[in-house]
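Structure record follows, encoded as structure tokens.
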Amino acid sequence: MTTRLMHRMLLLPGLVALVVTFCLPVAWLLHMSFMPEPDSPPGHAAISFHAYAQVLEDGFYWWVVWQTVRIGLVVTCLTVPLSFPIALFLSRSTSPWRGTLAALAVAPLLTSTVIRTYGWMVILGRHGLINRTLLGLGVLSMPVRLDNGTFATIVALVEILMPYAIISILGGMGRLTVELEQAAALLGAPLWKVFMRITVPLALPGLLTASLLVFVLSISSLVTPQLMGGGRVFVLSTEIFSQTTQALNWPLAGALSTLLLALFGSVIVLYQRAARRLEDPA
Amino acid sequence: MKPEGGTGRPLTRRSMGRAALATMLAGSLPRGSARGATRSLTISGYAGPFERAFQACVIDPFQQATPGVHIEYRPVMNSAQSLALLSLARTRTDIDIAIMDISVSILATGKDLLAPLDIGQVPALGHIPSWGRPAASHGVAFTRDNLVLVYNTDILGHHPPTSWMDLGRPELVDQVCMPIEDTRGVVLLPLLDRSVGADYRVTIDPALALLRQFAPNVANWNAQPDIYTLVMAQTVALGVGWNARTQMMRARKAGPIDGVVPSEGSVSQINTLNVARGTPDMELACAFVNHALSATVQKRFAQAAFYGPTNSDVVLEPALDSRIYGGPDIAARELYPDWEFISRNYNNWVRRIQREVISG
């Protein structure tokens with residue numbers, strides 16, 4: 001057996017898994033999105049564009065897409081900067097506790113998203129920790145609504161996605177060495193300039209990967225918008241869930257899922273372009 | 001140490017292998033072979049307290065009275081999921097009987113997924129009033145459950161709600177929960193319409209306008225985990241929910257909760273029993289439906305789970321009757337909607353609630 005053939009054989013299990021767990025379900029999803037609407041009479045055309053027409057013509061779905069992207073962008077813009085100092089600290093630390101600290105930073109991943117989201121319901125609720133503290137301190141005379149809306153959804157998503165961002169940033173810090181920063185400082189660069197001209201640019205690959213991961217996980221999350229949104233947060237995932245389990249309009253759910261996949265695709269294209277420019281600025 | 005309920009023999013790789021093989025074989029055996037039963041039925045229905053009451057009051061007595069029969073209850077999230085299972089099972093018939101909301105039963109009948117029932121097969125049908133056997137559905141009413149105002153007795157005990165208009169009380173800003181993107185909302189619309197003299201068959205605009213008036217009070221449009229828990233935990237003071245669950249919580253002393261049928265009256269959500277078209281044992285399915293509709297079983301289920309019986313021969317104790325229907329005066333104001341019309345407009349109404357009330 002030639003080496004080339006052996007390499008190809010090594011790819012086979014992964015390819016089979018990809019086809020079975022990704023390509024076939026996506027093909028089925030596409031097929032479903034072209035099915036006629038649920039109430040159409042028997043004998044109706046086998047292929048229909050009705051679901052796509054419904055999505056394109058209805059302003060509500062455009063608004064839902066905008067809400068999805070907006071929440072994804074806000075969550076990404078908050079999560080990545082908040083995770084960066086933690087990742088930087090972990091990468092620089094020489095403490096014997098470094099391993100423990102790194103484990104602690106990603107420990108929330110060991111807990112279910114549902115449980116962490118319920119935790120935020122307790123903290124942000126009408127009789128939750130924040131409201132009680134502010135009432136106790138006399139800052140508020142009546143509880144304010146912190147849960148059941150976009151704000152609560154964003155807060156919970158940021159906390160839930162931070163471990164992913166930390167891991168991604170840490171993984172992309174390979175080119176960042178302390179010597180480079182020390183050299184810049186020796187040449188008289190102030191701390192902020194060292195950070196902006198040396199640290200951030202060299203950490204950019206990790207930051208970019210973290211942004212992609214957080215954005216994609218954020219726009220596809222279902223549990224957190226469902227539990228924290230109080231029914232007010234309409235995003236693509238909640239709409240797909242509702243069309244699948246309540247309205248039973250599977251073609252529409254399929255069309256919305258295809259739209260979400262297209263959104264993922266666009267983001268990945270943007271990411272690849274940015275990564276290429278980073279590798280080869282010319 | 002002897003394992004609880006076990007044989008006392010230690011688990012070896014071989015015994016585990018045998019167990020795994022037995023499990024796989026059991027999964028591949030034809031239906032009816034479970035527990036040595038010769039005939040079997042699979043019923044899909046609501047999960048949670050309904051499932052427990054149905055198992056204890058309906059399934060267990062049937063199995064005891066009919067040796068060699070095994071009934072499997074498959075819990076689902078809602079009626080739509082039962083409809084989805086019936087649609088998927090069109091060729092395999094995994095579900096023999098589905099418990100579904102009447103509006104979904106009408107949809108399933110329209111899709112030709114259900115078998116018609118007649119009085120020859122199910123004699124108890126003769127004791128079910130006409131509202132429990134609408135022409136557009138092959139299902140038959142098993143229980144009815146009123147939409148009520150659910151409230152926290154610690155917060156509102158001194159001034160309990162009495163009207164649907166209490167959802168807009170000025171002192172309840174951010175203290176109301178209205179999970180109305182489902183059947184609750186769909187049956188609330190005709191009620192609100194009627195309260196302002198409008199007819200839901202003509203327009204639901206007045207009802208939507210009223211819901212928009214209540215909106216500033218609403219903390220939550222999507223009760224998680226459910227309205228009853230939120231009310232008991234004082235997360236909200238008032239909400240819209242089903243009477244049976246509320247009365248079950250109250251009877252169990254689970255928390256400071258009560259439900260009231262508003263003075264304007266209510267609508268009953270009707271849970272129907274539906275036999276799947278093509279079920280392999282139609283005779284057994286009909287026997288089960290007949291058993292479930294019998295006066296004895298209906299009364300037992302009402303006592304255990306506070307669902308209103310549909311068999312007209314059932315006479316409930318006055319206290320229980322009042323807990324279920326809110327008393328004779330209020331029961332007289334019950335709205336009996338055109339379920340076929342509601343079923344046809346279900347998704348459109350939910351869409352309008354989402355767009356014109358919640359996100360508006």
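Here is the naming used below: chain letters follow the sequence lines, and residue numbers restart at 1 for every chain. Note that the structure is predicted; figures quoted are calculated from it, not measured.
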I'd like to know if A:Asp147 and A:Arg126 make a salt bridge, using a cut-off of under 4.0 Å between side-chain N and carboxylate O. no
Chain A contact via B:Gln175 - which portion, at a heavy-atom distance below 4.5 Å: side chain
Under a 4.0 Å N-O cut-off, is there an ion pair linking B:Asp96 with B:Arg74? no
Could you tell me which portion of A:Thr244 (side chain, backbone, both or neither) has an atom closer than 4.5 angstrom to a non-hydrogen atom of chain B? neither
What I want to find out is whether B:Arg352 reaches B:Asp205 closely enough, with some N-O distance under 4.0 Å, to be called a salt bridge. yes
At a heavy-atom separation under 4.5 Å, does B:Val76 approach chain A through its side chain, its backbone, both, or neither? neither
If one checks every heavy atom of B:Pro179 against chain A at 4.5 Å, the contacting part turns out to be neither
Could you tell me which portion of A:Met142 (side chain, backbone, both or neither) has an atom closer than 4.5 angstrom to a non-hydrogen atom of chain B? neither
Could B:Asp226 and B:Arg245 be called an ion pair, given the rule that one side-chain N must be under 4.0 Å from one carboxylate O? yes
Compute the centroid of each ring, for B:Phe54 and then for B:Tyr46, and state whether the two points are separated by less than 6.0 Å. no
If you take the centroid of each ring, where Trp contributes its six-membered ring, are B:Tyr73 and B:Phe50 closer together than 6.0 Å? no
Do A:Ile123 and A:Ile130 make a side-chain contact, defined as non-hydrogen atoms from C-beta onward lying under 4.5 Å apart? yes
With a 4.5 angstrom heavy-atom cut-off, could you sort out which part of B:Asn78 is near chain A: side chain, backbone, both or neither? side chain
At a heavy-atom distance under 4.5 Å, which candidate from B:Gln81, B:Gln234, B:Met178 has the highest pair count against chain A? B:Gln234
Give, as side chain, backbone, both or neither, the part of A:Arg145 having an atom under 4.5 angstrom from any heavy atom of chain B. both
Between A:Gln67 and chain B, which part of the residue has a heavy atom less than 4.5 Å away: side chain, backbone, both or neither? neither
Report which part of A:Asn131 has an atom under 4.5 Å of a heavy atom belonging to chain B: side chain, backbone, both, or neither. neither
